[in-house]
Chemist: 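Here's a structure for you.
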Amino acid sequence: MGKIRLQDLAKKLGVRVKDVQEVLREWGIEKSNFAYLEEEEIQIVLDHFGKDTTQEIKEEKKEEEKKEEKVESVQEKELTKEEKPPQKLKEEERKKETSKKEERPLPKKEEKPVHKPKPTPQAVAQPAPKPPSPSPAQKVEAKEEKKAQKEEEQILKKLEKQIEKKQKKEEQEEEIKIVQIPEIITVRELAELLKVPPNVVMAELLKRGVLATINQTVPPEAALQVAEALGFLAEIKKEEEETLEEEIPDHWEKLPRPPIVVVMGHVDHGKTTLLDTIRKTNVAEREKGGITQHIGASMVQLPDGRKITFLDTPGHEAFTSLRARGAQITDIAVLVVAADDGVMPQTVEAINHAKAFNVPIIVAVNKIDKPGADPQRVRRELSELGLIPEEWGGDTIFVDVSAKTGQNVETLLEYILLLAEILELKARVEGPAKGTVIESKLDKQRGPVATLIVQEGTLKVGDPVVAGTTYGKIRAMFDDKGRKLNSAGPSTPVEVLGFEELPMAGDTFIVVEDEKKARQIAEIRKQRKEQQEKLSRGLMLEDVFKKIEEGELNELRLILKTDTIGSLEALKKALTELSTPEVSVRILHGAVGGITENDVMLAKASQAIIIGFNTRPDLKAKETAEREKVDIKLYSIIYEAIEDVKNALRGLLKPVQKEVVLGSAEVRATFKIKGVGTVAGCYVLDGKIVRNANARLIRDGVVIYTGKIESLKRFKEDVQEVARGFECGVKLKDYNDVKVGDIIECYEVKLEKPSL
């Protein structure tokens, strides 16, 4: 069965052309009326409409094929002719036709009698015999065939173009239909990404039990389900927070910045009064009246133009809470101790908190103008706690001051600036700002108000910022005296408006490109914080070994609370004696009494473990420990506490490397092989020689080479190991100076668990 036109096939079958086209479309075939059908396509149509006329179609097709073959033979003959001008060819054809006409007899002229008149030219033309039918018919058919072929070619070209367009569209659709959905996306952004109206997305979300407005964020799982429901192949694009955050280049020059100082000490030892004198304000009296109009931090400028930033925090508690959230903002701690009162419990706590975070301490011995003041007593008591004065050969600066009269306050400031110069405090001034939130509050008129300290760059009004899990745009900025600012540089404390929610004290803030990016970072942080709160916990004694294996811990920090001084001293001595050069036990804080909330916050901030001996945590401490996941170990037998810490420290010790000799072999011959080097022919004296094992070459009792066995052969075959009493060929890695009589020793290094 050959080719046949769609139209002709429809006529033979007695059906409409459209019906045939629909049948073919069902099979994914597009054909026009004049298009030729292949055998398979014809068979499809016949199977659908019946096979009654199959034989007729076949016979007709055979006749058409014969005609086509004749036409092709004629065309081939014409092509084989010599190339001549078209005019000459036409003249030759005319001559041939006329000669044929003359040669052929005219039957009608012979039948007529001679006596009849001669026919007119018209009459003569009428009885003239027609040219032979085969040749004109063939020419007509050939012309029609050529026209049909041209039409088919044009149709095919159109179809090919249409197919190409369809393929391109399908490829584009495939590209479009594979989408990556960001981890944080709103309904509007999801609709734009999927190129559908927002109400379609909202309807799909509603089907899944998620009621969201156009500007609300969509949970990643729900966004994925919506995209798949709309025919998209989607995946969640996990955006790293680091890629969203502004990459701050480090090409800007770092300049000296003012030091940030925190004032700590026992209650009523004169912290606030000292700050009043330094700032030349009267905050203490206003605080007594219940009105506090400062912002928690202030900047003091000396007559020579130098500046110092003081944090006005309520002692070490706020200091610890900031540190617990990872804020490293303070450069220097000023410890205020009353000369008439001496060292008190909160003084000891303040020292331990400052030491826990490696903050240098300057001691201000206050109230030296009071009767009964004994600055030397303060020095003696503090030297027992590790703060040895410089005049006694130590490294701690002591300044005797009177906050009330202002005596030696300027000397204290000079020492602060001197220590700052030694610390070489520097920061970049240019570029986007970065810093820490000191405190925040909700104002009924102004909304969320946050106190920030800029640590890097310059903060400007209008900057979009991210702080912890919240974000905003700086609408207004004030200094510690309530004056409006347009910009703030490093170490400058400012009060800002514009956050969407209250940021937490200790959160780091950064300036980003725009509010959209700020919102994305805040949302990602919020989600991660929720996940971490479910999983995170403080350091547990049982996890110390695992933490060390992961490289997260190199010392065990402890907070001790006991019932008596004797127990405290005994525990301190026993635990510190467990320290070795490889591992250390650090007692951050030790005191007599119950376990308090301050102890828990210090443990959280410094990743420490609380050990209580014959003591118990109070209710607040229990709640805080549960919330912050801080480990509190309670003991009634001192040896149990020591044994538990000892077991934890076994994980902290580095594994001991022990060398195990596998075997030795004597070199009895050497062979120099081109492209390989020197191969030693050896006899295994003891143990075994292992390929790729550590090896050393010993000559006259001296180690000449230490490396590895590169290759090991027995005869011509590579082997993994050769036992005692056998011969082998050994090639040492990157070494060829092997001599007869040398000993090759093979060994391996094993790591053994240490014991204290």
Side-chain angles (χ1 to χ4, degrees), residues 240-263 295-311 313 319 322-323 325-334 354 357-362 395 397 413-438 450-468 474 477-480 485-496 503 505-514 517-518 521:
E240 292 294 329
E241 187 183 325
E242 288 76 12
T243 60
L244 288 172
E245 288 183 8
E246 194 73 23
E247 290 185 3
I248 301 170
D250 57 356
H251 63 269
W252 283 305
E253 184 183 0
K254 291 195 173 184
L255 302 173
R257 63 171 177 83
I260 300 171
V261 181
V262 62
V263 181
I295 64 169
S298 57
M299 182 173 274
V300 175
Q301 185 168 358
L302 302 185
D304 58 359
R306 293 180 296 175
K307 296 177 180 178
I308 303 172
T309 299
F310 286 95
L311 290 187
T313 60
F319 176 80
L322 289 176
R323 291 285 180 170
R325 295 185 180 91
Q328 301 288 335
I329 53 171
T330 46
D331 305 311
I332 300 167
V334 173
F357 305 113
N358 298 318
V359 178
I361 298 172
I362 294 177
D395 55 0
I397 299 169
L413 298 178
E414 286 295 330
Y415 274 115
I416 290 171
L417 291 168
L418 178 64
L419 185 56
E421 285 180 16
I422 294 168
L423 294 172
E424 293 183 351
L425 305 172
K426 290 184 178 181
R428 59 175 178 81
V429 178
E430 298 179 27
K434 187 178 179 182
T436 305
V437 179
I438 301 299
T451 304
L452 314 177
I453 276 195
V454 182
Q455 292 174 285
E456 298 276 344
T458 302
L459 184 66
K460 300 171 186 175
V461 174
D463 283 345
V465 293
V466 182
I474 305 297
M477 197 157 49
F478 307 92
D479 66 2
D480 57 309
L485 298 175
N486 290 323
S487 62
S491 299
T492 306
V494 287
E495 191 176 71
V496 299
D507 286 342
T508 301
F509 76 85
I510 55 167
V511 173
V512 293
E513 286 179 1
D514 49 38
K517 184 173 278 190
I521 296 172

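The first residue of the sequence shown is numbered 1, and numbering continues consecutively from there. Just the heavy atoms: all of them, side chains too, but no hydrogens, waters or symmetry mates, feed the values below.
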Chemist: Taking all atoms of both residues into account, what is the closest heavy-atom pair of G457 and V454, and its distance?
Modeler: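 Result for this residue pair: O-CG1, 3.6 Å.
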Chemist: For the pair Q455 and T436, evaluate side-chain contact (heavy atoms from CB on, under 4.5 Å) and give the outcome as yes or no after the intermediate values.
Modeler: CA-CA 7 Å; Q455 292 174 285; T436 305; 2.7 Å; yes
Chemist: Once side-chain hydrogen bond (donor to acceptor under 3.5 Å, both in side chains) is applied, do any residues pair with T309, and if so which ones, sequence neighbours excluded?
Modeler: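 For T309 there are no side-chain hydrogen bond (donor to acceptor under 3.5 Å, both in side chains) partners, ignoring immediate neighbours.
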Chemist: Supply the atom-to-atom distance L302 CG to I308 CD1, rounded to the nearest 0.5 angstrom.
Modeler: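 Those atoms lie 5.0 Å apart.
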Chemist: According to side-chain hydrogen bond (donor to acceptor under 3.5 Å, both in side chains), does anything in residues 254-263 pair up with another residue at least two apart or in another chain? List the pairs.
Modeler: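 Found R257-D331, R257-S491.
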Chemist: Counting neighbours of CD on Q301 that are heavy atoms of other residues, nucleotides or ligands and sit closer than 6.0 Å, is the number greater than 12?
Modeler: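 Result for CD/Q301: enclosed.
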Chemist: Test side-chain contact (heavy atoms from CB on, under 4.5 Å) on L459 and V465 and set out the steps.
Modeler: CA-CA 9 Å; L459 184 66; V465 293; 4.1 Å; yes
Chemist: Just to verify, what does A450 make a side chain to side chain contact (heavy atoms under 4.5 Å, CB included) with, not counting sequence neighbours?
Modeler: S440, L452, V496, F499, P503
Chemist: Considering non-hydrogen atoms only, spot the tightest contact between L485 and F478 and give its length.
Modeler: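 What the structure gives for the nearest pair is CD1-C, 4.2 Å.
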Chemist: Kindly write out the residues that satisfy side chain to side chain contact (heavy atoms under 4.5 Å, CB included) with D395, not counting sequence neighbours, or none if the list is empty.
Modeler: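 D395: no side chain to side chain contact (heavy atoms under 4.5 Å, CB included) contacts found.
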Chemist: Any chance you could measure Y415, atom OH, to I397, atom CD1, to the nearest 0.5 Å?
Modeler: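 Reported value, rounded in 0.5 Å steps: 6.5 Å.
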Chemist: If the condition is side chain to side chain contact (heavy atoms under 4.5 Å, CB included), which residues does K460 pass it with, not counting sequence neighbours?
Modeler: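 If we apply the side chain to side chain contact (heavy atoms under 4.5 Å, CB included) test to K460, skipping adjacent residues, the hits are T458, D463, S487.
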Chemist: Could you tell me the separation between the CD1 atom of I332 and the CG atom of L425, rounded to the nearest 0.5 Å?
Modeler: 6.5 Å
Chemist: Keeping the roles fixed (side chain from E456, backbone from R428), state whether a donor-acceptor pair exists under 3.5 Å.
Modeler: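 A pair under 3.5 Å: yes.
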Chemist: Would a 4.5 Å heavy-atom cut-off, applied to side chains only, mark L423 and P360 as touching?
Modeler: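 Yes. Closest side-chain heavy atoms under 4.5 Å.
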Chemist: Looking only at non-hydrogen atoms, find the nearest pair between K517 and V512 and report the distance.
Modeler: CD-CB, 4.3 Å
Chemist: For E414, give me all partners under salt bridge (Lys or Arg N to Asp or Glu O under 4.0 Å), at least two apart in sequence or on another chain.
Modeler: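 Testing E414 for salt bridge (Lys or Arg N to Asp or Glu O under 4.0 Å), a comparison that skips the adjacent residues, returns R306.
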Chemist: Measure the CZ-CG distance between F310 and L413 for me, rounded to the nearest 0.5 Å.
Modeler: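 So the gap between those two atoms works out to 5.5 Å.
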